[in-house]
Amino acid sequence: MAVGTISLTLKVWRQAGPDQPGRFETYRAENIPTDVSFLEMLDIVNDGLEREGKEPIAFDHDCREGICGSCGAVVNGRPHGPRRATTLCQLHMREFRDGETLVIEPFRAKAFPVVKDLVVDRSAFDRIIQAGGYVSVRTGQAPDANAIPVPKHRAERAMDAAQCIGCGACVAACPNASASLFTAAKIVQFAMLPQGHPERVRRVVAMVEAMDREGFGSCSKHYECEAACPKEIKVENITLMNREYLRAMVRED
Amino acid sequence: MNDSFSWKTVLASTILRELTAAISGLVLVLFIFGHLAGNFLLFLGPDAFNGYAERLQSLGPLLWLARLVILTAAVLHVSATISLKLRNRASRDTAYAVTRRNADRPLGTPTMIYTGIIIACFVILHISDFTLADKTGPRSIIGGQSLGLYGVVLNGFANPLRAVAYIVAVWAVGLHFSHLFSSLWVTLGVLSDRATRAMNRLALAVGVLVALGFTAIPVFALIKMRLLGG
Ligand code: SF4
Ligand code: FES
């Protein structure tokens, strides 16, 4: 496919700092090659802003290959933009039409305060992980590989859940700003495996408690998280988290 | 990780509140279905319907037990859902400039709070209309003769305004129920992904069915009283 260029109008949320008021600023993104990524498009716009002596648009990014979970913004009402199962860094500008206007906002949640422009503080996720997103391992010699048998369907569920990159798009998409999909994925990846068993009961209770403490909403089953998730984490994980929670209520550790 | 399992933590959790909302909703729905089934006796005429109403009344303490269960479920349902709703509103303090729904959801889910409020108002109206009505008073008289609760119901719906208000309310019930039907399986943690999605696809149809069932009663009364003259 021949590489074309498109020009866009951007309405970008600008906010100097956490306690500063924010507002939308309008910018032109002229002659953007359609084979660059969304973040590269922002780089081009930022080059222009810097040449004019203006403050560039702040946004989070790291790997730029869809695996680290750093990037993310809401583009025209969709976290990570219009293409399903794609992070913002992996989104190409050919997804957009010439002349389009894009409204670009940070992920919005009380538990994700804005740091600057499109950068939000997602350390609430780290605290949920700290509450129980780990397994106990024996010290000493490395165990034999494949010494612990795991049924295939359980391994698959665990691996699917482990795809979560912690980007926060599920929270951004949820009308309740719920972190249920993220928390569920992090619980299920361990609950499915024998290695995660010693803490199984305490983990689900502690991680859900941490999730609630951070001020995220509850799950009303809107399924918006699943539609936004770049790793296609399914709502099924929330079903399994709830099952784990009920199990914790009736079982001793 | 906290070492001891704490019921205090569990009882305060959003998951338990969602569960409370779902299970109390389920209890209310089961009651509503029983109620609807009983009310279908209206189609069989005054004797069948009044006989059923009297049998219910004669249950005495059992009836009060049932009422207590229903009342408890209603209180739990309203308090759990309102507290969740308030929390969920507070969890996003700055609104998006552009909001859009990207998931394919049954209509019931985003409208829960509105249909819920309609239902709450309706229940009050409904109890004062029928449960507390004087079953032998002037409102029970059709064609110069008291027809008991049957007469009260038919006379009540002879007023098209009331009939329309009821129809709106029962469609709210249908829509509200469709959300329960689609979301329950996730909350209870019971069904597989495939089965849950099948329930999601069925939800709206099931809600419409429930609404149609309830619509039949005021429509029946309206036709009988207005077109057939009682
Ligand atoms: S569940 Fe999906 S959307 Fe949510 S944090 Fe993980 S990868 Fe991101
Ligand atoms: S920058 Fe790493 S996932 Fe986008």
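Per chain, numbering begins at 1; letters A, B, ... match sequence-line order.
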(message) Checking A:S220 against B:E18 for the side chain to side chain contact (heavy atoms under 4.5 Å, CB included) test, could you report, in this order, the C-alpha distance in whole Å, the side-chain angles of both residues, the deciding distance, and whether it holds?
(response) CA-CA 8 Å; A:S220 304; B:E18 286 284 351; 4.3 Å; yes
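With a 4.5 angstrom heavy-atom cutoff, A:P106 touches chain B only via backbone atoms. The parts of A:Y223 that come within reach of chain B are both its backbone and its side chain, each placing non-hydrogen atoms under 4.5 angstrom from that chain. Using a 4.5 Å cut-off between heavy atoms, A:E224 contacts chain B through both its backbone and its side chain. Contacts between B:R197 and chain A at a heavy-atom distance below 4.5 Å involve the side chain alone, from C-beta outward. When heavy atoms are compared at a cutoff of 4.5 Å, A:A227 approaches chain B solely by way of its side chain, counted from C-beta outward. Proximity to chain B is absent for every atom of A:M207, based on heavy atoms less than 4.5 angstrom apart.
B:S91 pairs by the side chain to side chain donor-acceptor pair (under 3.5 Å) definition with nothing, not counting sequence neighbours.
Of all heavy-atom pairs between B:A97 and A:V103, the closest is CB-CG1, 4.3 Å. Shortest non-hydrogen contact noted between A:M211 and B:T14 is CE-OG1, 3.9 Å.
In this structure, CE on A:M249 lies 6.5 Å from CG on B:L19, to the nearest 0.5 angstrom.
Contacts between residues 120-127 of chain A and chain B, defined by a heavy-atom separation under 4.5 Å, are made by no residue at all.
In the model, A:N242 has no side-chain atom that pairs as donor or acceptor with a side-chain atom of B:T187 under 3.5 Å.
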